[in-house]
Chemist: 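Quick one: the structure is below, questions incoming.
The analysis underlying the following values was restricted to heavy atoms, covering all of them including side chains, and did not include hydrogens, waters or symmetry mates. Bear in mind the structure is a predicted one, so any value in this text is a computation, not a measurement.
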Amino acid sequence: MKRLIAEREKARLGGGEKRIEAQHKKGKLTARERLDLLLDEGSFEEYDMFVTHRTTDFDLDKELFLSDGVITGHGTIDGRTVYVYSQDFTVLGGSLSETNALKICKVMDQAMKVGAPLIGINDSGGARIQEGVRSLSGYASIFQRNIMASGVIPQISAIFGPCAGGAVYSPALTDFIVMADKTSYMFVTGPKVVKTVTGESITDEDLGGASVHATKSGVTHFVGASETEGILLIKKLLSYLPQNNLEEPPLVVCSDPADRLDENLNTIIPEKPSIPYDVKDIIHSIADNGEFLEVQRQYARNIVVGFVTFNGISTGIVANQPNYLAGCLDINASRKAARFVRFCDAFNIPIVTLVDVPGFLPGSAQEFEGIIVNGAKLIFAYGEATVPKITIILRKAYGGAYCVMSSKQLRGDVNYAWPTAEIAVMGPIGAIEVLYNRDLQKMENAAERAKFVAENAADYREKFSNPYEAAKYGYIDDIIEPRNTRFRIIRALQTLSTKKDVNPPKKHSTLPL
Ligand code: HXC
């Protein structure tokens with residue numbers, strides 16, 4: 001008994017007090033402190049505390065630490081089981097050894113058997129250099145498990161320190177990444193290698209800090225101002241997710257009336273079609289208690305994605321954002337939304353799509369970078385999704401973008417439009433310029449042309465830029481009063497809760513990657 005207590009004490013100290021102090025000085029918590037914050041009090045069951053590495057090269061046998069640089073096990077968050085691993089930077093820089101990888105693989109395998117989410121907290125110098133290929137094989141074994149678990153259990157990665165080299169790929173294979181601002185970074189090759197190969201001088205933060213991955217690369221889905229905030233974000237995120245792909249997300253008790261009207265919505269769309277507004281105001285208005293957990297908030301801001309509940313039903317929101325790039329679909333927005341739609345579909349989370357999109361972003365930059373193949377990803381994601389899909393066209397639904405945004409023909413279940421909806425092949429001005437190109441060329445002055453375009457555009461708007469034409473063909477199920485939107489969505493979600501739809505049997509699709 002005495003020995004057990006002593007050994008446990010030793011294991012809990014990781015790399016020792018000095019290194020713990022150094023960790024704190026960097027503004028970072030230890031692996032165990034992070035788990036304490038993440039898990040319900042007293043719920044943590046630790047595995048493999050007494051594991052040590054088996055390496056003798058480079059005198060490593062003189063550096064034996066119980067747990068070998070990673071804390072693993074399971075616990076609960078809000079009473080629901082999760083499996084966890086938390087890399088301990090105080091032990092050989094949290095580097096991944098053969099035994100360390102075996103510990104991680106063990107919890108991954110258990111998480112799959114039990115059907116519970118996996119949360120990995122990363123803080124590591126990467127492959128344990130002294131172990132060579134055995135360490136690399138450890139990474140590959142983790143990758144394989146990430147892939148098998150994808151779409152079966154939710155996988156969430158926290159990055160709370162360095163994450164470099166191939167080590168970034170396990171988090172990249174998971175569903176969500178959370179980074180801590182200023183104390184974490186991710187890159188495939190660090191600043192030193194970048195300098196040697198390309199001559200470019202760049203800091204860790206500028207190359208792979210949280211801000212870079214939140215705004216430029218889109219690699220991270222959430223950024224916490226601190227590790228504590230990052231952990232709170234993980235807990236909040238989990239509250240919207242089921243335990244696995246065979247279960248439904250938890251149904252939350254809702255105090256916000258399902259039939260709550262919001263008169264403001266009747267006037268939220270500006271009179272002039274060119275004036276923007278913030279679609280998040282609409283999301284906050286219709287969601288339970290105005291709560292919205294936005295995913296990739298700073299990336300591809302022309303589309304907004306995230307989680308809400310409607311009368312307690314966990315739901316994914318996809319919304320064009322007129323406030324940014326007029327809500328046009330571009331490459332990054334298409335990929336961002338496609339990934340989110342596929343996640344929701346994999347985990348039985350219904351999708352509500354709010355549409356106000358003038359079309360795909362035009363220009364050579366987008367064409368050269370592949371807007372064709374990337375836009376196709378979003379079409380694919382919506383068309384493949386079998387969860388309940390509710391679409392509300394708020395204003396513009398032009399051209400291909402109409403088709404993409406969960407249209408009836410992409411198996412939209414319930415498609416509503418506000419009276420302000422404009423559904424047409426293209427905007428009025430563009431349409432008149434194409435239709436009357438020859439007449440316009442014959443006109444002598446610009447004023448005459450402008451007058452002609454304006455007059456005919458008004459006729460075109462009258463005929464096509466409204467929801468009635470689409471409703472006439474049944475492409476829109478109903479035109480609804482904006483103030484009723486919350487209630488109509490909730491009733492649709494309740495009705496669709498028993499929806500069954502399947503895709504044809506296949507090994508897997510050939511999604512245009
Ligand atoms: C063994 C390592 C280590 C590693 C750090 N340490 N990284 N030990 N293998 N990969 C040890 C250090 O020797 C040190 O031990 C302790 O951890 C803390 O490291 P410091 O350098 O003192 O800390 P810091 O200044 O904060 O710098 C952190 C760091 C740096 C930026 C991560 O340690 C570093 O650059 N490490 C190497 C990173 C790297 O190149 N890894 C391989 C990537 S390639 P003591 O005893 O002094 O406390 C890779 C391939 C994966 O991972 C392939 C997957 C497909």
Side-chain angles (χ1 to χ4, degrees), residues 11 14-16 19-20 22-24 26-35 38 48 51-53 55 58 60 63 65-73 83-108 118-143 145-146 155-174 177-180 182-193 204-205 207-210 213 219-220 227 230-231 234:
R19 289 192 180 94
I20 291 176
Q23 178 86 343
H24 286 156
K26 286 182 195 154
K28 302 198 304 182
L29 299 170
T30 65
R32 288 182 187 279
E33 287 165 346
R34 290 166 180 158
L35 289 178
L38 180 70
D48 294 336
V51 163
T52 52
H53 69 74
T55 305
F58 300 96
L60 212 57
E63 289 199 69
F65 298 92
L66 292 179
S67 301
D68 197 27
V70 65
I71 320 299
T72 59
Y83 280 79
V84 289
Y85 71 84
S86 181
Q87 294 178 325
D88 184 352
F89 192 82
T90 68
V91 173
L92 299 165
S95 55
L96 191 107
S97 66
E98 178 196 14
T99 40
N100 177 305
L102 284 172
K103 286 183 65 173
I104 295 175
C105 289
K106 189 192 266 187
V107 284
M108 294 178 86
L118 176 82
I119 301 167
I121 301 179
N122 297 264
D123 184 4
S124 162
R128 188 165 300 167
I129 296 163
Q130 299 91 327
E131 289 203 5
V133 71
R134 283 184 292 136
S135 165
L136 299 183
S137 86
Y139 271 119
S141 307
I142 294 169
F143 298 163
R145 282 166 177 78
N146 286 134
Q155 300 182 82
I156 301 172
S157 303
I159 314 293
F160 286 167
C163 188
V168 296
Y169 284 112
S170 172
L173 290 166
T174 64
I177 294 179
V178 180
M179 292 181 80
K182 301 286 189 290
T183 53
S184 65
Y185 51 85
M186 297 176 81
F187 34 65
V188 173
T189 46
K192 279 191 198 125
V193 180
D204 286 337
E205 181 65 23
L207 187 62
H213 287 309
V219 164
T220 194
E227 290 182 12
I231 287 168
I234 295 173

Chemist: For Val168 and Ile159, run side chain to side chain contact (heavy atoms under 4.5 Å, CB included): C-alpha distance rounded to whole Å, both residues' side-chain angles, the deciding distance at 0.1 Å, then the answer.
Modeler: CA-CA 9 Å; Val168 296; Ile159 314 293; over 6 Å; no
Chemist: Tell me every residue that passes side-chain contact (heavy atoms from CB on, under 4.5 Å) with Tyr185, counting only those two or more places apart in sequence or in another chain.
Modeler: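 Testing Tyr185 for side-chain contact (heavy atoms from CB on, under 4.5 Å), a comparison that skips the adjacent residues, returns Pro162, Phe187, Asp204.
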Chemist: Residues in ring pair (Phe, Tyr, Trp, His ring centres under 6.0 Å) with Tyr83, at least two apart?
Modeler: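 So Tyr83 forms a ring pair (Phe, Tyr, Trp, His ring centres under 6.0 Å) with His74.
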Chemist: Can you list the residues that meet the side chain to side chain donor-acceptor pair (under 3.5 Å) rule with His53, with sequence neighbours excluded?
Modeler: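 Counting only residues at least two positions away or on another chain, His53 forms no side chain to side chain donor-acceptor pair (under 3.5 Å).
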Chemist: Could you work out, with side chain to side chain donor-acceptor pair (under 3.5 Å) as the rule, every residue matching Asn100, not counting sequence neighbours?
Modeler: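 For Asn100, no residue satisfies side chain to side chain donor-acceptor pair (under 3.5 Å) once neighbours in sequence are set aside.
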Chemist: Could you pull out all residues at least two apart from Thr220 that satisfy side chain to side chain donor-acceptor pair (under 3.5 Å)?
Modeler: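 Per chain and number, Thr220 pairs via side chain to side chain donor-acceptor pair (under 3.5 Å) with no residue.
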Chemist: Please list, chain by chain and in numerical order, all residues satisfying side-chain contact (heavy atoms from CB on, under 4.5 Å) with Val219, sequence neighbours excluded.
Modeler: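 Here the qualifying residues are Ile177, Met186, His213, Ser217.
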Chemist: Indicate yes or no: at least one non-hydrogen side-chain atom of Ser135 is less than 4.5 angstrom from one of Ser95.
Modeler: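 No; the side chains remain at least 4.5 Å from each other.
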Chemist: Checking side-chain polar atoms at under 3.5 Å, does Thr90 have a donor or acceptor matched by the opposite partner on Gln23?
Modeler: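 Not at all, the side chains of Thr90 and Gln23 share no donor-acceptor pair under 3.5 Å.
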Chemist: Residues two or more places apart in sequence or in another chain: which of them pass side-chain contact (heavy atoms from CB on, under 4.5 Å) with Phe143?
Modeler: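 Residues passing side-chain contact (heavy atoms from CB on, under 4.5 Å) with Phe143: Tyr139, Asn146, Tyr169, Ser170, Leu173.
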Chemist: With sequence neighbours excluded, tell me which residues meet side-chain contact (heavy atoms from CB on, under 4.5 Å) with Thr52.
Modeler: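 Scan of Thr52 (side-chain contact (heavy atoms from CB on, under 4.5 Å), adjacent residues dropped) gives Leu64, Leu66.
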Chemist: If a pair satisfies salt bridge (charged side-chain N to carboxylate O under 4.0 Å, His left out) and one of its residues is in residues 87-99, list it, with sequence neighbours excluded.
Modeler: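 Output for this query lists Arg54-Glu98, Glu98-Arg134.
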Chemist: Once salt bridge (charged side-chain N to carboxylate O under 4.0 Å, His left out) is applied, what residue pairs with a partner in residues 183-193 remain, sequence neighbours excluded?
Modeler: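 Not a single pair qualifies under salt bridge (charged side-chain N to carboxylate O under 4.0 Å, His left out).
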Chemist: Kindly write out the residues that satisfy salt bridge (charged side-chain N to carboxylate O under 4.0 Å, His left out) with Arg19, not counting sequence neighbours, or none if the list is empty.
Modeler: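 Salt bridge (charged side-chain N to carboxylate O under 4.0 Å, His left out) check on Arg19 returns nothing, list empty.
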Chemist: Who are the side chain to side chain donor-acceptor pair (under 3.5 Å) partners of Ser97, not counting sequence neighbours?
Modeler: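 Residues passing side chain to side chain donor-acceptor pair (under 3.5 Å) with Ser97: Asp68, Thr99.
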